[in-house]
J.: 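The structure that follows is given in the form of structure tokens.
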Protein chains: 2
Amino acid sequence: MPPFIELDMPEMHATPQQNHLLAALPADIQNRLLPKLELVQLPLGKVLYESGDTLRHVYFPIDSIVSLLYVMENGASAEISVVGNEGLIGVAVLMGGESTTSRAIVQSAGDAYRLPSRQFMEEVNRYGEMLHLMLRYTQALITQMAQTAVCNRHHSIDQQLCRWLLLSLDRLPTNDLVMTQELIANMLGVRREGVTEAAGKLHKAGVIEYSRGRIRVIDRPRLEQMSCECYAVVKKETDRLLPFAV
Amino acid sequence: MPPFIELDMPEMHATPQQNHLLAALPADIQNRLLPKLELVQLPLGKVLYESGDTLRHVYFPIDSIVSLLYVMENGASAEISVVGNEGLIGVAVLMGGESTTSRAIVQSAGDAYRLPSRQFMEEVNRYGEMLHLMLRYTQALITQMAQTAVCNRHHSIDQQLCRWLLLSLDRLPTNDLVMTQELIANMLGVRREGVTEAAGKLHKAGVIEYSRGRIRVIDRPRLEQMSCECYAVVKKETDRLLPFAV
DNA sequence: GTCGTTATGTTCGATAGCGCACAGATGGCG
DNA sequence: CGCCATCTGTGCGCTATCGAACATAACGAC
């Protein structure tokens with residue numbers, strides 16, 4: 001029943017500076033990088049890389065959200081972390097590992113700029129601001145992963161859903177998520193029914209409204225209250241490490 | 001009933017090269033670093049740093065094991081990762097964050113070499129092999145964290161105990177762990193009774209024997225079979241990233 | 001408008017892990 | 001040798017989550 005409006009921005013074209021990391025780079029580095037950046041559209045569900053793949057590019061999301069997911073032998077999965085316009089996908093390139101054990105999958109469709117790994121590393125290997133910025137982002141990512149582990153251990157599905165919605169919301173321009181409960185369940189590594197139940201409670205509490213693959217947050221303060229501490233911990237640490245990106 | 005023998009090695013003195021990362025550095029870097037390294041004894045339970053502390057040193061364990069632990073507001077905890085002679089404690093220094101949201105606590109007493117953060121960064125900032133090695137180790141650590149998150153989500157206490165024992169075993173010179181079930185429970189973020197039960201099963205299966213704060217693994221292959229895939233994933237990826245450290 | 005597909009809602013029994021309470025065992029120390 | 005702190009074992013009721021099966025609802029294509 002919520003009147004979801006499709007906001008297809010008329011000619012809203014992306015710029016690299018909408019990614020906080022790119023925006024934070026000094027002008028000379030931006031000038032070197034910009035011509036090498038390629039704008040790509042990331043449709044929902046697209047796999048940027050699979051476990052073990054050599055990473056050919058790194059991606060700087062603009063209004064897309066990408067989840068890093070581990071998929072187990074039996075097909076069950078769990079989200080490790082989530083990346084939006086505050087970060088980049090492809091930290092393994094920076095670390096020198098070239099591949100990771102996780103999958104990167106688009107959780108919310110949108111644009112991203114991508115850069116071939118080689119050219120990314122060329123800039124990193126000037127050992128300047130690029131390297132240092134990327135390292136700080138890496139620590140923010142590590143914090144998020146650590147907190148995911150904690151959250152998986154100790155918190156209820158209800159709380160985790162709140163955390164997950166907040167993390168997504170922070171990376172989107174609106175309060176509307178295009179996302180089925182089934183997909184959320186995959187990310188959280190729980191049953192779809194568990195998400196249905198948790199979403200039902202949030203709806204009754206007047207925090208969200210939703211319908212067939214869309215969710216709108218209508219009371220964010222309440223959502224933050226209902227979330228476990230994990231969201232706040234990650235947010236605070238990310239703001240500390242990357243203060244410009246607030 | 002197991003005849004635990006206290007193996008206090010007579011004059012078994014530590015050398016920096018017993019830490020795999022230090023050993024893997026080229027000779028010139030080793031020569032620069034060695035005089036700055038300080039051998040320290042890490043007693044069980046010692047906190048190397050608390051959440052939010054500025055990291056004054058980085059630590060290279062020799063025969064000690066250190067756990068990175070997140071402690072929640074209500075006092076409950078969860079292990080994020082574990083570090084032994086394959087790695088170092090203080091990745092946040094490398095990343096430029098200076099502090100982390102987790103606590104580093106000694107899980108198994110032993111020696112470590114420590115290096116003031118400033119001197120560590122002086123070497124890192126030569127942008128040579130030191131930096132690249134540390135980054136690769138960081139990726140291994142990230143993999144371990146990610147797998148911890150997955151394991152917390154999907155696996156039973158029994159399986160997690162197996163994983164945990166294997167991770168510890170890999171970092172120790174013997175098959176004996178000095179470790180109460182209570183402490184293991186803290187690390188895994190579960191009840192002590194849960195660990196008692198799981199340990200009982202392993203004992204019945206003839207995989208371990210134990211008594212009052214000590215555990216001996218007597219059938220490691222079986223332990224690996226009984227563990228979830230998480231152990232193998234981390235092991236394999238660590239070996240890939242740091243092949244010398246096998 | 002109808003139909004078919006996909007998303008969401010609901011129920012039910014099974015179970016893993018929790019919190020609590022207390023019993024027993026072990027080993028260090030006086 | 002015996003005491004006592006500490007570590008380990010066990011039982012009980014409770015709850016969250018699971019797995020499975022099925023009911024209803026919403027949208028999209030025709």
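Side-chain atoms are counted along with the backbone in the values below, which use heavy atoms only and exclude waters and symmetry mates. Letters go in sequence order (proteins before strands), and every chain restarts at 1.
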J.: In terms of the nearest nucleotide of DNA chain D, which residue is placed more toward the 5' end: E193(A) or I157(A)?
T.: I157(A)
J.: I need the CD-P distance between Q160(B) and dA16(C), as an integer number of Å.
T.: 14 Å
J.: When the distance from CZ of R191(B) to P of dC12(D) is rounded to whole Å, what number comes out?
T.: 14 Å
J.: Whole angstrom is fine here: how far is it from CG in N74(A) over to P in dC18(D)?
T.: 13 Å
J.: To the nearest 0.5 Å, what is the distance between CG (L177(A)) and CG (L169(A))?
T.: 6.0 Å
J.: DNA chain C: G213(A) or R153(A), which has the more 5' nearest nucleotide?
T.: G213(A)
J.: Side chains of R212(B) and T180(B): any donor to acceptor distance under 3.5 Å?
T.: no
J.: Would you name the heavy atoms of A140(A) and T238(A) that are closest together and state the gap between them?
T.: CB-OG1, 4.1 Å
J.: When you measure only distances, ignoring hydrogens and angles, does the side chain of R212(B) come within 3.5 Å of the base of dT6(D) through a donor and an acceptor?
T.: yes
J.: For the base of dG27(C), is there a side-chain donor-acceptor partner from R214(B) under 3.5 Å away?
T.: no
J.: Could you state the CD-P distance from E209(A) to dA26(D), rounded to the nearest angstrom?
T.: 14 Å
J.: Is any side-chain N or O of S211(A) closer than 4.0 Å to OP1 or OP2 of dC27(D)?
T.: yes
J.: Using the side-chain contact (heavy atoms from CB on, under 4.5 Å) rule, pick out the option among I215(A), I218(A), L202(A) that qualifies with E209(A).
T.: I218(A)
J.: Whole Å only: how far is the CZ atom of R192(A) from the P atom of dC22(D)?
T.: 15 Å
J.: Within the structure shown, what part of the strands sits under 4.0 Å from G194(B) by heavy-atom distance: base, sugar-phosphate, or nothing?
T.: nothing
J.: Have a look at E197(B) and say if it touches a base, only the backbone sugar-phosphate, or nothing, with a 4.0 Å heavy-atom cut-off.
T.: nothing
J.: Heavy atoms only: give me the nearest Y70(A)-T101(A) pair and the separation to one decimal.
T.: CD1-O, 3.4 Å
J.: Given dT26(C), is OP1 or OP2 found less than 4.0 Å from the side-chain N or O atoms of Y210(B)?
T.: no
J.: I need the CG-P distance between L44(A) and dA7(C), as an integer number of Å.
T.: 10 Å
J.: Whole-Å distance between dG17(C) P and H154(B) NE2?
T.: 14 Å
J.: What is the distance, to the nearest angstrom, from the NZ atom on K201(A) to the P atom on dT15(D)?
T.: 13 Å
J.: Measuring to OP1 and OP2 of dT6(D), would you say a side-chain N or O of Q181(B) lies under 4.0 angstrom away?
T.: no
